[in-house]
Q: 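Quick one: the structure is below, questions incoming.
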Amino acid sequence: MQGAFAEHVRALEKSGAHTRLVRTSEDLEGLDGIVLPGGESTTMTMLMERTGLLEPLRDAIAHGLATFATCAGTIVLAREVVDGMADQKGLGVLDIAVRRNGYGRQVDSFEAPLDVVGLSGKSFPGVFIRSPLVESVGSAEVIAQYDGHAVAVRQGRIVALCFHPELTGDLRLHREFVKLAAAS
Amino acid sequence: MAERNGSRNGNGAVPRGIKGSFKVKAGLAQMLKGGVIMDVVTPEHARIAQEAGACAVMALERVPADIRKEGGVARMSDPDLIRSIMEAVTIPVMAKCRIGHFVEAQILQALGIDYIDESEVLTPADEENHIDKHPFRVPFVCGCRDLGEATRRIAEGAAMIRTKGEAGTGNVVEAVRHARAVNAGIRKLQGLNHAELVHEAKLIGAPVDVLAECQRLGRLPVVNFAAGGIATPADAALMMQLGVDGVFVGSGIFKSEDPLKRAKAIVAATTYFDKPERLAEVSAGLGKAMDGLEIPAIPKEGLLAARGW
C-alpha cells in the first residue's frame with residue numbers, strides 16, 4: 001500500500017520466494033505468506049480500510065496465512081495501540097500492546113545489534129526508525145529484546161519486528177520467513 | 001553527530017544504539033515511499049492531512065503559492081507554529097530552512113523535527129554553498145533539477161531527494177521536466193565505462209563516487225520524490241509512472257475547493273498510480289483545483305527552481 005515494500009521484495013526474491021504486491025483483496029488469492037512492511041501505520045490502515053482489504057486480510061491471517069511484519073506492520077497487527085490516532089483501526093490479531101513512536105522522534109532513531117532466538121551466527125543488525133515500543137506481550141513468544149522490551153515476537157504463523165531487516169542486506173530473517181511460509 | 005547514549009525518553013528506556021547514522025536518516029525516507037507529503041500551515045490542516053492518509057506533513061507559515069504572491073524574504077517558520085503542528089499529528093513532521101542557512105537547520109533539529117527540507121521555496125541564505133548535512137542527526141531532503149544537482153546534494157549529505165518542479169504554480173510541467181532529466185541522466189550512465197563515467201561526472205558537475213553508485217543501482221541511491229506543481233490525482237499518478245518514489249503536494253491541497261476530499265484522492269492516486277479505472281474513480285467530483293500559473297507568465301527572477309547550485 002505504502003512504505004518500504006520494494007526493499008522486502010528484493011530480500012524475499014533473494015531468499016528464493018516469488019512475490020506479488022498486494023493492493024486489493026483479490027491480490028490475496030493463493031498466497032503462502034504476506035509481508036506488512038514499514039511505513040506509516042495510519043496511512044496503511046486507512047488505505048486498507050478504504051479499499052476493503054482490512055477484513056479479508058484479517059480473515060486470512062486468522063486462518064493461518066504466514067505473516068511477516070516490520071515496524072508499522074507490527075502496529076497494524078497489534079491487539080492494542082497506545083498513542084495512535086484516536087480512531088486508528090488495525091487488525092488486532094497479534095497479542096501485544098505497542099506504543100507508536102515509543103522510542104521517540106526521528107532524531108532518536110538508532111541502530112543496535114540484537115540476539116534473535118533461532119538465528120545462528122553473529123548478532124542481527126537492528127535498524128530502528130521511529131520504531132514502536134512493545135509495552136506488553138500476551139500470548140506471543142518474545143524472540144528478541146532490546147533494553148528490557150520485546151523487539152521481535154512470534155505467535156503461531158506470525159513473526160513481527162520493531163526493526164527493519166529489509167534495510168540491512170542480512171537475509172537471515174527473510175529466509176526463516178520463507179521457510180515458515182513454505183511449511184503450510 | 002552520531003552519538004551513543006541518547007537522552008532518556010518518556011518511558012524510562014535508554015536506547016544505547018547509535019543514533020543519526022546515514023542508514024536511519026535515509027531509512028525514514030524509505031518508509032515514506034508510495035506516500036504523499038502535504039504542506040500544512042495550521043494544526044487543523046495537519047489533522048486533515050493525517051486523516052486523508054498523508055505519510056508526513058511539511059509545517060509552513062505560508063504555502064508556496066502565497067510566498068510567490070506576497071514576495072519578500074521567505075524564512076524558516078516560527079518554532080511555535082512548528083511545535084503546534086508536531087503536537088497535532090503522529091505522522092512525521094518536516095520543516096523548511098533556507099538554502100545554506102545551517103543555523104535555521106540547527107534550530108529545526110533542536111525542535112525535534114523529523115526531516116529538514118533545505119528548500120528553494122525560501123529565500124536562499126548562501127548563493128554558493130548548501131548546508132553540510134552530514135553532521136546533523138536529523139535527515140535532510142533537497143530539491144534537484146537534474147542528476148548533477150541531485151548527486152551534489154547527496155554528496156553534501158542529503159538522505160532524500162525531490163524534484164524541484166516549480167512550487168506554488170499548480171503546474172506540473174517543471175516537475176515532469178526535472179524527473180525526466182534525472183531519469184535520462186541515469187539511463188545515460190548505463191553504457192559508460194569508468195573513464196567515461198569520470199568524464200560524465202565532470203560534464204554534469206557530479207561527484208564521481210555518487211555517480212558510480214547511481215550507475216551500479218540504475219537509480220538514485222536515496223529515495224526520490226516529486227514536488228513542485230502537483231495539483232490533481234492525475235498529476236500525482238503521472239509522477240509515479242515516471243518512476244518517482246512518492247509525491248509532495250504543496251499549495252495543491254489547501255488552495256483547492258475541498259481539501260480533505262482532494263487530499264484523499266491524491267493519496268489513493270499515489271497508491272493506485274498504474275490503475276486508470278481507480279484514477280478515474282478518485283478524480284471525479286473533487287471541486288475546483290487551485291488556480292494554476294503558466295511558467296512563461298512568471299518573470300525570470302520569480303522562478304524558484306533556479307535557486308540552488
Side-chain angles (χ1 to χ4, degrees), chain A residues 1-7 21 23-24 37-51 70-72 81-88 99-114 125-131 133 135 146-149 163-164 166-168, chain B residues 1-2 4 6-7 9-21 23-36 47 50-56 86 89-94 109-115 136-139 223 245-246 264 267-268 270-272 274-275 278:
Chain A
M1 307 299 293
Q2 183 272 322
F5 42 80
E7 290 78 357
L21 294 178
R23 288 184 293 176
T24 64
E40 277 308 310
S41 61
T42 48
T43 306
M44 283 193 251
T45 45
M46 270 182 246
L47 280 166
M48 284 196 280
E49 204 190 352
R50 283 175 207 159
T51 196
T70 56
C71 195
V81 180
V82 185
D83 278 2
M85 272 178 78
D87 55 349
Q88 187 164 353
R99 179 180 294 280
R100 283 196 63 195
N101 307 328
Y103 291 92
R105 303 192 70 97
Q106 172 62 16
V107 290
D108 296 310
S109 292
F110 63 99
E111 292 185 66
L114 304 170
V127 177
F128 293 81
I129 296 170
R130 285 173 47 95
S131 166
L133 181 87
E135 297 232 306
Y146 179 72
D147 203 42
H149 288 272
F163 51 96
H164 293 282
E166 77 281 9
L167 300 184
T168 63
Chain B
M1 245 180 274
R4 289 173 180 276
S7 60
N9 68 31
N11 297 294
V14 187
R16 285 177 305 274
I18 299 169
K19 295 187 181 184
S21 62
K23 188 176 280 292
V24 301
K25 294 201 285 188
L28 177 56
Q30 287 171 281
M31 297 310 132
L32 301 174
K33 289 196 320 190
V36 182
R47 278 187 284 267
Q50 178 168 270
E51 192 191 328
C55 66
M86 287 166 66
V89 291
T90 59
I91 56 179
V93 179
M94 303 183 164
Q109 174 164 282
L111 289 172
I113 203 86
D114 295 302
Y115 239 93
F136 286 83
R137 220 164 78 185
V138 60
V223 167
D245 297 313
K264 280 185 179 172
V267 169
T270 305
T271 304
Y272 300 101
D274 56 352
K275 308 253 189 248
R278 290 297 290 269

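Just so it is clear: chains get the letters A, B, ... in the order the sequence lines come, proteins before strands, and each one is counted from 1.
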Q: Roughly how far apart are A:T42 OG1 and B:E51 CD, rounded to 0.5 Å?
A: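 Atom-to-atom, A:T42:OG1 and B:E51:CD are 11.0 Å apart.
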Q: Do B:M31 and A:L167 make a side-chain contact, defined as non-hydrogen atoms from C-beta onward lying under 4.5 Å apart?
A: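 Side chain of B:M31 against side chain of A:L167, heavy atoms only: contact under 4.5 Å found.
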Q: If you measure from OG1 on A:T24 to NZ on B:K275, what distance do you get to the nearest 0.5 Å?
A: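 If I round to the nearest 0.5 Å, the distance is 7.0 Å.
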Q: I'd like to know if the side chain of A:Q2 reaches the main chain of B:K33, judged simply by a donor and an acceptor atom lying under 3.5 Å from each other, with no hydrogens or angles considered.
A: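 Side chain of A:Q2 to backbone of B:K33, a donor-acceptor pair under 3.5 Å: yes, one is there.
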Q: Given that the side chain runs from C-beta out, which part of A:V107 has a heavy atom under 4.5 Å from chain B: side chain, backbone, both or neither?
A: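 Contact with chain B: backbone and side chain both.
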Q: Heavy-atom pairs under 4.5 Å with chain A: which of B:G246, B:G112, B:G35, B:P92 has the most?
A: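 Winner by heavy-atom pair count: B:P92.
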Q: Which heavy atom of B:G17 sits nearest to which heavy atom of A:A112, and what is that distance?
A: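 So the two residues come closest at CA-CB, 4.1 Å.
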Q: B:V24 and A:Q106: which non-hydrogen atoms are nearest, and at how many Å?
A: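 The answer is O-NE2, 3.0 Å.
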Q: Does B:Q30 use its side chain to pair, donor to acceptor, with the backbone of A:G3 at less than 3.5 Å?
A: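 Flag not set: sc B:Q30 to bb A:G3 has no pair under 3.5 Å.
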Q: Looking at OG of A:S109 and CZ of B:R137, how far apart are the two atoms once the value is rounded to the nearest 0.5 Å?
A: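 Here the rounded value is 9.5 Å.
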Q: Looking at B:V138, B:T270, B:I91, B:L32, which one has more heavy-atom pairs under 4.5 Å with chain A than the rest?
A: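 The answer is B:I91.
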Q: Measure distances from A:R105 to the heavy atoms of chain B and classify the residue's part below 4.5 Å as side chain, backbone, both or neither.
A: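 It is both, since atoms from each part get that close.
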Q: Quick check for you: to the nearest 0.5 Å, what is the distance between B:D274 atom CG and A:L21 atom CG?
A: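 Rounded to the nearest 0.5 Å, the CG-CG separation comes out at 9.0 Å.
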Q: Contact part of B:A29 toward chain A, heavy-atom cut-off under 4.5 Å: side chain, backbone, both or neither?
A: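 For B:A29, there is no contact with chain A at all, as no heavy atom is under 4.5 Å.
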Q: Could you grab the distance from atom NE2 of A:H164 to atom NZ of B:K23, nearest 0.5 Å is fine?
A: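 With rounding to 0.5 Å, NE2 (A:H164) is 11.5 Å from NZ (B:K23).
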Q: Show your reasoning for whether side-chain contact (heavy atoms from CB on, under 4.5 Å) applies to B:R278 and A:T51.
A: CA-CA 10 Å; B:R278 290 297 290 269; A:T51 196; 3.3 Å; yes
Q: Is the side chain of A:R23 donor-acceptor paired with the backbone N or O of B:T271 at a distance under 3.5 Å, no angle test?
A: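 Such a contact is found between A:R23 side chain and B:T271 backbone.
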Q: Among the options B:G34, B:G53, B:A268, pick out the one with the most heavy-atom pairs lying under 4.5 Å from chain A.
A: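 The residue among B:G34, B:G53, B:A268 with the greatest pair count is B:G53.
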Q: Between B:Y115 and chain A, which part of the residue has a heavy atom less than 4.5 Å away: side chain, backbone, both or neither?
A: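 Contact with chain A involves no heavy atom of B:Y115 at all.
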Q: Given a strict heavy-atom distance threshold of 4.5 Å, which part of B:V93 is in contact with chain A: side chain, backbone, both, or neither?
A: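 Answer is both: backbone and side chain atoms of B:V93 are under 4.5 Å from chain A.
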Q: Which bit of B:A26 is near chain A, if near means a heavy-atom gap under 4.5 Å: side chain, backbone, both or neither?
A: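 It is neither, since no heavy atom gets under 4.5 Å.
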